**Student:** 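Quick one: the structure is below, and I'll ask about it shortly.
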Amino acid sequence: GATALKSLTFEEGTASSLQQIGNYAFRYCYELTEVNLPKSLTNLTARQVGSTKYNRTAIGHYAFADCTKLSTVNFEMGGDREMTFGIGVFNNCPELTTLNLPSRFVSYTNDLSGEEFGPLGERLTNKASGYTPNIFEGCTKLTAINVIMDDNGKPFLAENELTSHDGVAYVDEGKTLLRIPVGRVAAYEVPNTVERIDEFAAVNAEKLTAITFEEGNDALELMIDQRAFENCTSLTNVILAKRVKVLAPRAFLNCTNLTSFELSANLSEFDATVFEGCTALAAVNVATGSLKYSSKDGVLFNAINDVNTEVNTLYYYPASKTDKVYSVPSTVKTIYSYAFSNNANLEEVILPLGLQAIDSYAFYNATALKTVNIRKNVATIGDYAFYNCTALENLTFEEGGTSPLSIGDANYINLSVFNSETSSSNVKYGQTFYNCYMLTNVTLPERTKFIADYTFEKCLGLKTINIPNNVE
């Protein structure tokens, strides 16, 4: 970059012929403080297949990234052509405080990759392929993203996609909350017209102290997408609106000061990874009226109703509950995936006689756990169930029972044995007791029928293991 450049201004209005700013064009211009951009900027269609336009963005990937003194970006308003940000355009511009955008930002299909991206450079397709950097990542002072309409309050394009409310960016006619600025201080209330809080919507908004929900419109369902509030480290208490039906995995990932959380009465599914990395969380409660979930002493179970007359599934035990010993209720038959994961306090979990299943990852990384007695009616212990339980030294299996015991996924066949071309990413290993290096002696019960691959991998202290003859 031109490291001594302090100000960047292009001709405005009809006099400007500038249509695009390329990838990395002004990255590392450390002295740049102000940028003035003309309304001639536009996406260019490189090719078109049917109705799909394959575009090059008006402002390319990382175009102004790492301009650490950049505080002012002015867009000339007006214009009647589409434009889009590439990935990471303003990454690590910590002095940028407010951004006023013309209302002609749209989604686009990338010419090279064929992937679809939203108006602020967010990935719309192939999300699982990896994290797409927020274009404002590292903009720690950015408190408002404002989308400006024309003098009559109308968008510059007939088919307007990007809007804003109270400094927060929206798409889909305000139905999807797209981006809460990284530097936003204090709380934000989600309007009751919102149907979706987008993936990574508030990622790294470390000064966001509360997220609340406008009352009313309970019939309109709301989804909170994965990692929406990742690293919102000032959040302490969250009460979901009644209309929240979907809470995606890792929605509140690494919210390290979150101490309590109330699930909505209408929540349809729960995944314990919602709270992964929430190291202060001590209680999960459930709003009155839920037909699916209930809570006792901050621990999450199924609801008691006409279908289930007693608690039979333990869904989640908060990672920061301080008890050393916990007795699972006698009616519980299943311990759900990730239920006790990442708990650093529990030393012993007393399992009930009627327990039938310990799901995958159930005690994943429960690093204080010392003692577990697997009861005689347990039929399945899932992959990674006790993965990295580094203090586990007393593992016993109750004899008796009539149900065959499978340790790991009994339905899995290691295809690489038969096909050398099978990708290793498709091979699913058991690793049920991986890195439980305090174990010294294990005796499996006579009813054991299956032990998956790598079940005791890295159990470096294990001296003896007694395996019955009828194991498959």
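A quick note: this is a predicted structure, and the numbers were derived from the prediction, not measured.
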**Student:** Can a donor-acceptor pair be found, under 3.5 Å and without considering hydrogens, that links the side chain of Ser290 to the backbone of Ala287?
**Tutor:** no

**Student:** Counting only heavy atoms not in Lys321, do more than 12 fall under 6.0 Å of its NZ?
**Tutor:** yes

**Student:** Would you sort out whether Asp198 and Thr176 count as a side-chain hydrogen bond (donor to acceptor under 3.5 Å, both in side chains), showing the intermediate values?
**Tutor:** CA-CA 6 Å; Asp198 200 40; Thr176 298; over 6 Å; no

**Student:** What do the steps show when you test Asn231 against Cys255 for side-chain contact (heavy atoms from CB on, under 4.5 Å), and what is the final call?
**Tutor:** CA-CA 5 Å; Asn231 294 333; Cys255 292; over 6 Å; no

**Student:** Would you find a donor on one side and an acceptor on the other, under 3.5 Å apart, between the side chain of Ser164 and the backbone of Val147?
**Tutor:**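 Looks like yes, one N/O pair under 3.5 Å.
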
**Student:** For a 4.5 angstrom cut-off between non-hydrogen side-chain atoms, does Leu355 reach Ile335?
**Tutor:** yes

**Student:** Which is it for Phe136 and Ile145 under the side-chain contact (heavy atoms from CB on, under 4.5 Å) test, yes or no, and what are the steps along the way?
**Tutor:** CA-CA 10 Å; Phe136 307 114; Ile145 304 168; 3.5 Å; yes

**Student:** Would you find a donor on one side and an acceptor on the other, under 3.5 Å apart, between the side chain of Glu189 and the backbone of Ile211?
**Tutor:**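 Not at all, since once roles are kept as given, no pair shorter than 3.5 Å links the two residues.
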
**Student:** Does a side-chain heavy-atom distance below 4.5 Å link Val274 with Phe229?
**Tutor:** no

**Student:** Any chance the rings of Tyr316 and Tyr338 have centres within less than 6.0 Å?
**Tutor:** no

**Student:** Looking at Glu262, is its backbone amide N or carbonyl O close enough to the side chain of Asn285 to form a donor-acceptor pair, meaning the two atoms are under 3.5 Å apart?
**Tutor:**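 No; zero donor-acceptor contacts below 3.5 Å.
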
**Student:** Do the charged groups of Glu398 and Arg375 touch, with an N to O distance under 4.0 Å?
**Tutor:**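 Salt bridge flag = yes for Arg375 with Glu398.
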
**Student:** How far apart are the C-alpha atoms of Asn302 and Asn312, what are their side-chain angles, what is the distance that settles it, and do they pass the side-chain contact (heavy atoms from CB on, under 4.5 Å) test?
**Tutor:** CA-CA 7 Å; Asn302 62 284; Asn312 52 42; 3.3 Å; yes

**Student:** Given the rule in the ring pair (Phe, Tyr, Trp, His ring centres under 6.0 Å) test, do Tyr434 and Tyr454 qualify, once you have shown the distances and angles that lead to the verdict?
**Tutor:** CA-CA 8 Å; Tyr434 178 91; Tyr454 306 101; 9.2 Å; no

**Student:** Do Asn441 and Thr464 pair up side chain to side chain, a donor and an acceptor below 3.5 Å, judged on atom types alone?
**Tutor:**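 Looking only at side-chain atoms, Thr464 and Asn441 do form a donor-acceptor pair, the distance falling under 3.5 Å.
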
**Student:** Quick one: ring pair (Phe, Tyr, Trp, His ring centres under 6.0 Å) partners of Phe456, sequence neighbours excluded?
**Tutor:**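 Here the qualifying residues are Phe433.
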
**Student:** So do the side chains of Asn470 and Lys449 get within less than 4.5 Å of each other, counting heavy atoms only?
**Tutor:**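 Yes, side chains in contact.
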
**Student:** Take Gln356 and Thr334, measure what side-chain hydrogen bond (donor to acceptor under 3.5 Å, both in side chains) needs, and give me the verdict at the end.
**Tutor:** CA-CA 6 Å; Gln356 298 174 2; Thr334 300; 5.9 Å; no

**Student:** Just to verify, which of Phe26, Tyr24, Phe85 counts as forming a ring-ring contact (aromatic ring centres under 6.0 Å, His included) with Phe64?
**Tutor:** Phe26

**Student:** Run the salt-bridge test on Glu269 and Lys245 with the 4.0 Å N-O cut-off and return the result as yes or no.
**Tutor:**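 No, Glu269 and Lys245 are not salt-bridged.
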
**Student:** Is the shortest heavy-atom distance from the side chain of Lys141 to the side chain of Glu95 under 4.5 Å?
**Tutor:**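 Side-chain contact under 4.5 Å: yes.
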
**Student:** Is there a donor-acceptor pair under 3.5 Å between the side chain of Ser264 and the backbone N or O of Val244?
**Tutor:** yes

**Student:** Counting the benzene-type ring for Trp, do Phe301 and Tyr315 have ring centres under 6.0 Å apart?
**Tutor:** no

**Student:** Would Val299 and Leu314 count as a side-chain contact (heavy atoms from CB on, under 4.5 Å) if you check the C-alpha gap in whole Å, the side-chain angles of each, and the deciding distance to 0.1 Å?
**Tutor:** CA-CA 8 Å; Val299 181; Leu314 191 158; 4.1 Å; yes

**Student:** Has Ser337 got a side-chain atom pairing as donor or acceptor with Tyr361's backbone, closer than 3.5 angstrom?
**Tutor:**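 Between the backbone of Tyr361 and the side chain of Ser337 there is no qualifying donor-acceptor contact (under 3.5 Å).
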
**Student:** Below 4.0 angstrom, N of the basic side chain to O of the carboxylate: do Arg184 and Asp166 qualify?
**Tutor:**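 Judged by the 4.0 Å cut-off on N to carboxylate O distance, Arg184 and Asp166 do form a salt bridge.
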
**Student:** Can the positive tip of Arg227 be found less than 6.0 Å from the middle of the six-membered ring of Phe200, inside 45° of the ring normal?
**Tutor:**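 Ring-cation test returns no.
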
**Student:** Any heavy-atom pair between the side chains of Leu462 and Thr440 that's under 4.5 Å?
**Tutor:** no

**Student:** Quickly, which of Thr390, Asn388, Asn435 forms a side chain to side chain donor-acceptor pair (under 3.5 Å) with Asn365? Name it, please.
**Tutor:**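 The single option meeting the side chain to side chain donor-acceptor pair (under 3.5 Å) with Asn365 is Asn388.
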
**Student:** Any donor and acceptor pair, going by atom type alone, linking the side chain of Thr209 with main-chain N or O of Ser234 inside 3.5 Å?
**Tutor:**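 No, because the side chain of Thr209 does not come within donor-acceptor range (under 3.5 Å) of the backbone of Ser234.
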
**Student:** Is any NZ, NE, NH1 or NH2 atom of the basic residue among Arg243 and Asp218 found under 4.0 Å from an Asp or Glu carboxylate oxygen of the other?
**Tutor:**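 Looking at Arg243 and Asp218, the cut-off is not met.
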
**Student:** Measuring from Asp383:CG to Ile407:CD1, what's the distance to the nearest 0.5 Å?
**Tutor:** 11.5 Å

**Student:** Would you kindly say whether Thr322 and Asn345 are connected by a side-chain donor-acceptor distance under 3.5 Å?
**Tutor:** no

**Student:** Is it the case that the side chains of Asn373 and Thr396 hold a donor-acceptor pair, with the cut-off being a distance below 3.5 Å and no angle test?
**Tutor:** yes

**Student:** Is it true that a side-chain atom of Asn342 and a backbone atom of Ala319 form a donor plus acceptor pair closer than 3.5 Å?
**Tutor:** no

**Student:** Could you check whether Thr455 and Gln431, counting side-chain N and O atoms only, form a donor-acceptor pair closer than 3.5 Å?
**Tutor:**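 No, Thr455 and Gln431 have no side-chain donor paired with an acceptor closer than 3.5 Å.
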
**Student:** Taking atom CD of Glu399 as the centre, report whether more than 12 heavy atoms of other residues, nucleotides or ligands fall under 6.0 Å from it.
**Tutor:**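 Enclosed.
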
**Student:** Taking Ser295 for its side chain and Val284 for its backbone only, find out whether a donor-acceptor pair lies under 3.5 Å.
**Tutor:** yes

**Student:** Keeping the roles fixed (side chain from Glu214, backbone from Pro191), state whether a donor-acceptor pair exists under 3.5 Å.
**Tutor:**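 A pair under 3.5 Å: no.
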
**Student:** May I have the step-by-step check of ring pair (Phe, Tyr, Trp, His ring centres under 6.0 Å) for Phe340 and Tyr364, ending in yes or no?
**Tutor:** CA-CA 7 Å; Phe340 290 91; Tyr364 180 89; over 10 Å; no

**Student:** Roughly how far apart are Asp225 CG and Glu199 CD, rounded to 0.5 Å?
**Tutor:**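 Here the interatomic distance stands at 5.5 Å.
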
**Student:** Ring centres of Tyr317 and Tyr326 under 6.0 Å apart?
**Tutor:**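 Yes, ring centres under 6.0 Å apart.
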
**Student:** Heavy-atom distance under 4.5 Å between the side chains of Asn91 and Asp66, does that happen here?
**Tutor:** no

**Student:** Verify the ring-centre separation between Phe90 and Tyr62: is it less than 6.0 angstrom?
**Tutor:**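 No, the ring of Tyr62 stays outside the 6.0 Å limit from the ring of Phe90, centre to centre.
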
**Student:** Tell me whether the rings of Phe270 and Tyr293 are parallel (<30°), tilted (30 to 60°) or perpendicular (>60°).
**Tutor:**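 Ring orientation, 0 to 90° scale: perpendicular.
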
**Student:** Among Asn43, Val89, Ile135, exactly one meets side-chain contact (heavy atoms from CB on, under 4.5 Å) together with Ile59. Which residue is that?
**Tutor:**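 Answer to the side-chain contact (heavy atoms from CB on, under 4.5 Å) test with Ile59 among Asn43, Val89, Ile135: Val89.
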
**Student:** Taking all atoms of both residues into account, what is the closest heavy-atom pair of Phe363 and Cys389, and its distance?
**Tutor:**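 Scanning both residues, the minimum pair turns out to be O-SG, 3.1 Å.
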
**Student:** Any chance the side chains of Asp271 and Thr273 put a donor and an acceptor closer than 3.5 Å?
**Tutor:**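 On atom types as modelled, these side chains qualify, holding a pair under 3.5 Å.
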
